[in-house]
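Below is one structure, written out as structure tokens; comments come after it.
In what follows, chains are A, B, ... by sequence order, proteins preceding strands, each numbered from 1. Atom set for the values below is all heavy atoms of this structure, side chains included, hydrogens, waters and symmetry mates excluded.
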Number of protein chains: 2
Amino acid sequence: MDEEDLSRILKAAGDTTRRRILTLLVQEGALRVTALAAHFEMSLNSVSKHIKVLEEAGLVTRRTVGREHFIAPELAPLRLTEQWFGQLKSIWELRLSALEELLVTGDQDDERTGTDDKPQDRGPA
Amino acid sequence: MDEEDLSRILKAAGDTTRRRILTLLVQEGALRVTALAAHFEMSLNSVSKHIKVLEEAGLVTRRTVGREHFIAPELAPLRLTEQWFGQLKSIWELRLSALEELLVTGDQDDERTGTDDKPQDRGPA
DNA sequence: AAATTAGTCAACCATTTGGGTGAATAATTT
DNA sequence: AAATTATTCACCCAAATGGTTGACTAATTT
């Protein structure tokens, strides 16, 4: 289920602390858990948990060296969200151009007959 | 705080049902609450609540006509998420090019001295 | 005026979430 | 071998989430 992935990514990115972590990683490169935690007011454990969430969403990867865990940013998954948005946009634009054409040609064939569950299209706000 | 807005938007988009609602609206145009709910297996009330969440995130607007509420999609806020992502990407690329330059010029000035809290940069995975 | 229809509000419930603490594990340092 | 350091794991807790049902309001229809 690709939907699941997308949900996980968006949920992970939906938290301010996690976004800050990602930003830190992107600007400083791989960081240890403790180094990351130093930037926040919350406990090391909480940061560790946030990292886990990011990891499960694929937004971060972990390279363990001895007792140290290096966390690196992974921007690729965010492309999935861009994709979703892009898809939405193109459907929307397609629909708009279809409507426009309807207006131009004055095509009567698509007139709703009233038995339809869908309401007449009152057009975009 | 703009961060709050971004969180609200990402959280709203992080739910599968809500994304499906958005998609429906984008492809069919404004729909009534009941018409929307017809597409889901959950109760009308639940859908109503999801719509409220989307509304609070600005991803949807409501036009009330008599007892009917028409819900329309609003894609603009999603641009904010794109912006955030874009920012992240550019910081990342900037950093990569800076590292590359370091390698090329072999600049010794940036050598870490050991008292630094930050670990040596082991480079991206 | 009565009944129906469209939708929200309020309360309830189970689960998830974001935080905290203390103990456990594993690698280093002394 | 003992102490320290880096991190996770296992619970605890309050608040938020996603769903339900039942009552309520308001607009239509009959």
Checklist entry - Between H50(A) and G66(A), who's closer to the 5' end of DNA chain C by nearest nucleotide? => result H50(A)
Item to check | All side-chain hydrogen bond (donor to acceptor under 3.5 Å, both in side chains) counterparts of S48(A), not counting sequence neighbours | outcome: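 S48(A) satisfies side-chain hydrogen bond (donor to acceptor under 3.5 Å, both in side chains) with no other residue.
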Item to check | Set of residues satisfying side-chain hydrogen bond (donor to acceptor under 3.5 Å, both in side chains) with respect to T23(A), sequence neighbours excluded | outcome: none
Next on the checklist: Return a single string for nucleotides 3-17 of chain D, one symbol per nucleotide in 5' to 3' order, where B is base contact, S is sugar-phosphate-only contact and - is none, cutoff 4.0 angstrom on heavy atoms.
Outcome noted: --BSBBB--------
Side-chain donor/acceptor pairs under 3.5 Å, residues 50-58 of chain B, sequence neighbours excluded:
from	atom 1	to	atom 2	distance (Å)
H50(B)	ND1	R18(B)	NH1	3.1
E55(B)	OE1	R62(B)	NE	3.3
E55(B)	OE1	R62(B)	NH2	2.8
E55(B)	OE2	R62(B)	NE	3.1

Distance-only check: which donor-acceptor pairs under 3.5 Å involve side-chain atoms of residues 77-88 of chain A, not counting sequence neighbours?
from	atom 1	to	atom 2	distance (Å)
T81(A)	OG1	L78(A)	O	2.7

Checklist entry - S46(A): what forms a side chain to side chain contact (heavy atoms under 4.5 Å, CB included) with it, not counting sequence neighbours? => result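 Side chain to side chain contact (heavy atoms under 4.5 Å, CB included) check on S46(A) returns M42(A), S43(A).
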Separation of [X] atom [atom1] from [N] atom [atom2], in whole Å?
X      : N       : atom1 : atom2 : value
L36(B) : dA6(C)  : CG    : P     : 14 Å
E41(A) : dG18(C) : CD    : P     : 18 Å
R20(A) : dG18(C) : CZ    : P     : 15 Å

Checklist entry - Just to confirm, is there a sub-4.0 Å distance from OP1 or OP2 of dT20(D) to any side-chain nitrogen or oxygen of S46(B)? => result yes
Item to check | Same apolar cluster: L24(A) and L96(B), side chain cutoff 4.5 Å | outcome: yes
